[in-house]
Amino acid sequence: MADLNPRDIEKAEFAFSIYDTTGTNNIDAFDLGDVLRALNLNPTNATIEKLGGTKKRGEKTLTLEEFLPIYSQVKKDKDQGCYEDFLECLKLYDKAENGTMLAAELSHMLLSLGERLTDKEVEIVLSECMDPEDDDGFIPYAPFVQKLMS
């Protein structure tokens, strides 16, 4: 953990404490991804599982001492997407090169590419992050990415 500065450790401790619902200085491994995302990291589900996250609540817990090396490792991982990366991907669907894409294409991408989301997850993401469609079914994608990443 020599690569974590005192500010990083303080932020990690704070985020960890929010998910420590029992006050025992432990978090459920099911919440590992949420804690990392609260620290502005974007690990994939596969990465979270590889680092000790679980798919079911109550299977395993992590202490702060176990969490800090995980945080450090994910923080160093360069295989995370950033705002600019996601924007570049969505530009591929911007046929008119005007900052918009079909909402139906966005929904299809979320359902079928990469770490696929369920219909219910896509519905939640789109309702919370997507601006209203115009009359032709297009949405501006930059605000969508900003809302999604915030």
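Here the structure is a predicted model, which is why all the values come from computation and not from measurement.
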(request) Examine distances only and state if a side-chain atom of D8 and a backbone atom of P6 form a donor-acceptor pair shorter than 3.5 Å. (result) no
(message) Donor-acceptor pair, distance only, cut-off 3.5 Å: does the side chain of Q73 make one with the backbone of I70?
(response) no
(request) Determine, using the 4.5 Å side-chain heavy-atom cutoff (strictly less than), whether I18 and L64 are members of one ILVMFWY cluster. (result) yes
(request) List the atom of P143, the atom of P140, and the distance in Å for their closest heavy-atom pair. (result) CD-O, 3.6 Å
(message) Tell me whether S107 contacts the main-chain N or O of A104 through its side chain, where contact means a donor paired with an acceptor under 3.5 Å.
(response) no
(request) Drop me the distance from T100's OG1 to E133's CD, to the nearest 0.5 angstrom. (result) 11.5 Å
(request) Take F144 and L106, measure what side chain to side chain contact (heavy atoms under 4.5 Å, CB included) needs, and give me the verdict at the end. (result) CA-CA 10 Å; F144 169 79; L106 177 60; 3.8 Å; yes
(request) Could you grab the distance from atom CG of D34 to atom CG of L39, nearest 0.5 Å is fine? (result) 11.0 Å
(request) State whether a side-chain donor-acceptor pair under 3.5 Å links D94 with Y141. (result) yes
(message) Are the side chains of L41 and Y71 in contact, using a 4.5 Å heavy-atom criterion?
(response) yes
(message) Once rounded to the nearest 0.5 Å, what's the spacing between atom CG of N5 and atom CD1 of I9?
(response) 7.5 Å
(request) Could you please spell out the steps behind the side chain to side chain contact (heavy atoms under 4.5 Å, CB included) verdict for Y93 and M109? (result) CA-CA 10 Å; Y93 296 90; M109 271 194 306; 3.1 Å; yes
(request) Please answer: with hydrophobic residues joined when any side-chain heavy atoms are less than 4.5 Å apart, are L90 and I139 in the same cluster? (result) yes
(request) Before accepting this row, confirm whether a basic side-chain N of the pair E105/K95 lies closer than 4.0 Å to the acidic partner's carboxylate O. (result) yes
(message) Between K147 and E128 (salt bridge meaning N to carboxylate O under 4.0 Å), is one present in this structure?
(response) no
(request) Give, for atom CG of N40 and atom NZ of K11, the distance between the pair rounded to the nearest 0.5 Å. (result) 6.5 Å
(message) Do I27 and V35 have side chains that approach each other closer than 4.5 Å (heavy atoms only, starting at C-beta)?
(response) yes
(request) Show your reasoning for whether side chain to side chain contact (heavy atoms under 4.5 Å, CB included) applies to N26 and L62. (result) CA-CA 5 Å; N26 288 297; L62 297 169; over 6 Å; no
(request) For residues T54 and D28, report the shortest heavy-atom separation together with the two atoms involved. (result) OG1-OD1, 4.2 Å
(request) Could you tell me which non-hydrogen atom of L117 sits nearest to which non-hydrogen atom of L111, and how far apart they are? (result) O-CD2, 3.5 Å
(request) Taking the side chain as every heavy atom from C-beta outward, state whether L92 and M101 have any atom pair closer than 4.5 Å. (result) no
(request) Run the salt-bridge test on D3 and K75 with the 4.0 Å N-O cut-off and return the result as yes or no. (result) no
(message) As an exercise, state the distance from CG of N25 to CD of E65, rounded to the nearest 0.5 Å.
(response) 6.0 Å
(request) Taking all non-hydrogen atoms of both residues into account, name the closest pair between M130 and A103 and its distance. (result) SD-CB, 3.9 Å
(request) Give a yes or no on whether L113 and I124 share a hydrophobic cluster (residues Ile, Leu, Val, Met, Phe, Trp, Tyr; joining criterion: side-chain heavy atoms under 4.5 Å apart). (result) no
(request) Heavy atoms only: give me the nearest F16-T63 pair and the separation to one decimal. (result) CZ-C, 3.5 Å
(request) Calculate, to the nearest 0.5 Å, the distance between atoms CG and OG1 belonging to L51 and T47 respectively. (result) 6.5 Å
(request) Indicate yes or no: at least one non-hydrogen side-chain atom of R37 is less than 4.5 angstrom from one of M149. (result) no
(request) Please lay out, stage by stage, how L126 and V122 fare under the test side chain to side chain contact (heavy atoms under 4.5 Å, CB included). (result) CA-CA 6 Å; L126 295 182; V122 169; 3.7 Å; yes
(request) Check whether L36 and L4 end up in the same hydrophobic cluster, where Ile, Leu, Val, Met, Phe, Trp and Tyr are linked by side-chain heavy atoms less than 4.5 Å apart. (result) yes
(message) Restricting to non-hydrogen atoms, name the atom on A12 and the atom on L68 that form the minimum distance, rounded to 0.1 Å.
(response) CB-CD2, 3.6 Å
(request) State plainly whether the residues K120 and E123 are in salt-bridge range, i.e. N to O under 4.0 Å. (result) no
